[in-house]
Amino acid sequence: MTTTQIAFLKGHGTENDFVIVPDPDNAVDLPASVVAGLCDRRAGIGGDGLLHVVRSAAHPEALAMADEAEWFMDYRNADGSIAEMCGNGVRVFARYLQRSGAVQEGDLAVATRGGVKKVHLAKDGDVTVSMGRAELPGTDVTVTVDGRSWGTRNVSMGNPHAVAFVDDLAHAGDLHTGPSFVPAAVYPDGVNIEFVVDRGPRHVAMRVHERGSGETRSCGTGACAVAVAAARRDGADPAVTGVPVTYTVDLPGGTLLITEHPDGGIEMTGPAVIVAEGKIDSAWLETLNG
């Protein structure tokens, strides 16, 4: 790593921001210490996570998906831990592929640890991701912040979410550290926790603590989980009504549109922007690698 300069880009989706490391042949070693250093906002490039761009055929975790999707989003949280999926990350990942010339406007497939995701790059700049179906495990948890407690809806979007409907988003506290929840055994590997208020018909606002990253400006899978939980609360489950339902979800970094269809399929639409590119200093990178 001391002799080869490594390219990077910086991008965001509704201000959920990422360091992007293009590495088609999976030749770059990215241990947790390196990822955490790159994502450090004061001593590194800064980001809520890292998008490692690898051809599926070159990565052992994605090899089985290579026939469906040429590219694998090897996603890492800001602390270097591995995550199953990131909805905003998929949009930014697709935007990078378009910028690099690997794909054009239209449809493509992206392999993730949460399965293959179908993506549409629209002419207006928005990106729509087919996020798959939500799972609703039967065991929910109680979340507590500053003496207030709420029951939550347990929603899996390939990664775990606990959705709490509250009266005021300020009640979520600072969200720098994860709110406590019981029973802890429901989420042995941690959980993303969303706090949600109503803004109008089919319109909500949220804040989120993402495991491994703290509070982020946006969370795509979290917005999907929130829309699913809101639809059940509002008696608008498309599997029951037979009618698709769309929620506008306001996040600190922007707005996402989430549509759930009667077959359970969920689509997320929002912006994705590449803001910078450059080279990582190889000598500095070596210090991160220990």
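- When the side chain to side chain donor-acceptor pair (under 3.5 Å) test is applied to R55, the partners found at least two apart in sequence or on another chain are E70.
- Listed by chain and number, the residues in a side chain to side chain donor-acceptor pair (under 3.5 Å) with E84 are R211 (sequence neighbours excluded).
- Side-chain contact check for T259 versus V245: every heavy-atom pair is 4.5 Å or farther apart.
- For the pair E277 and R99, the salt-bridge criterion is met [side-chain N within less than 4.0 Å of a carboxylate O].
- Atom NZ of K10 has more than 12 neighbouring heavy atoms from other residues, nucleotides or ligands inside a 6.0 Å radius.
- Counted by atom type alone, T216 and E210 present one or more donor-acceptor pairs between their side chains at under 3.5 Å.
- Salt bridge D48/R76: absent, no basic N to carboxylate O contact under 4.0 Å.
- In this structure N192 satisfies the side chain to side chain donor-acceptor pair (under 3.5 Å) test with no other residue, sequence neighbours excluded.
- Here salt bridge (Lys or Arg N to Asp or Glu O under 4.0 Å) pairs that include residues 58-68, with residues two or more places apart or in two chains, are E61-R113.
- Listed by first and then second residue, the salt bridge (Lys or Arg N to Asp or Glu O under 4.0 Å) pairs involving residues 185-200 are D198-R233 (not counting sequence neighbours).
- For F8 against P22, the heavy-atom pair with the smallest separation is CA-CD, 4.3 Å.
- In terms of heavy-atom proximity, P24 sits nearest to V54 at O-CG1, 3.8 Å.
- Scanning both residues, A58 and N26, for their nearest heavy atoms gives O-ND2, 3.3 Å.
- Between M131 and E267, every side-chain heavy-atom pair lies at or beyond the 4.5 Å cut-off.
- Atom CG in D17 sits 10.0 Å away from atom CG in L51 (nearest 0.5 Å).
- Take H59 and apply the side chain to side chain donor-acceptor pair (under 3.5 Å) test, not counting sequence neighbours, and it matches no residue.
- Salt bridge annotation for D140-R153: absent, with no cationic side-chain nitrogen under 4.0 angstrom from a carboxylate oxygen.
- Residue V191 is found in a hydrophobic cluster whose other members, listed by chain and number, are V141, V143, V145, W150, V166, L169, L175, F181, V186, Y187, I193, F195, V197; membership requires side-chain heavy atoms under 4.5 Å apart, directly or through intermediates.
- Without hydrogens or angle criteria, S130 side chain to G132 main chain gives no donor-acceptor distance under 3.5 Å.
- One N or O on the side chain of S100 and one on the backbone of L97 form a donor-acceptor pair closer than 3.5 Å.
- Checking each of Y75, F18, W71 against F93 for a side chain to side chain contact (heavy atoms under 4.5 Å, CB included) leaves exactly one that passes, namely W71.
- Applying the side chain to side chain contact (heavy atoms under 4.5 Å, CB included) criterion to S156, with sequence neighbours excluded, gives E135.
- Using a 4.0 Å cut-off between charged side-chain N and carboxylate O, D281 and K279 make no salt bridge.
- Side-chain contact, S81 with D79: a donor N or O sits under 3.5 Å from an acceptor N or O.
- Using a 4.5 Å cut-off between side-chain heavy atoms of Ile, Leu, Val, Met, Phe, Trp and Tyr, V273 falls into a hydrophobic cluster with V275.
- Annotation: side chain of L121 is in contact with side chain of V127 (closest heavy-atom distance under 4.5 Å).
- Under the salt bridge (Lys or Arg N to Asp or Glu O under 4.0 Å) criterion, the residue pairs touching residues 235-249 are R232-D237, with sequence neighbours excluded.
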Only distances under 3.5 Å count here; give the side-chain donor-acceptor pairs of residues 219-231 to other protein atoms, sequence neighbours excluded, each with its distance to 0.1 Å.
residue	atom	partner	partner atom	Å
T221	OG1	N159	ND2	3.2
T221	OG1	H161	NE2	3.1

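- Applying the salt bridge (Lys or Arg N to Asp or Glu O under 4.0 Å) test to every pair with at least one member in residues 154-174, sequence neighbours left out, gives no pairs at all.
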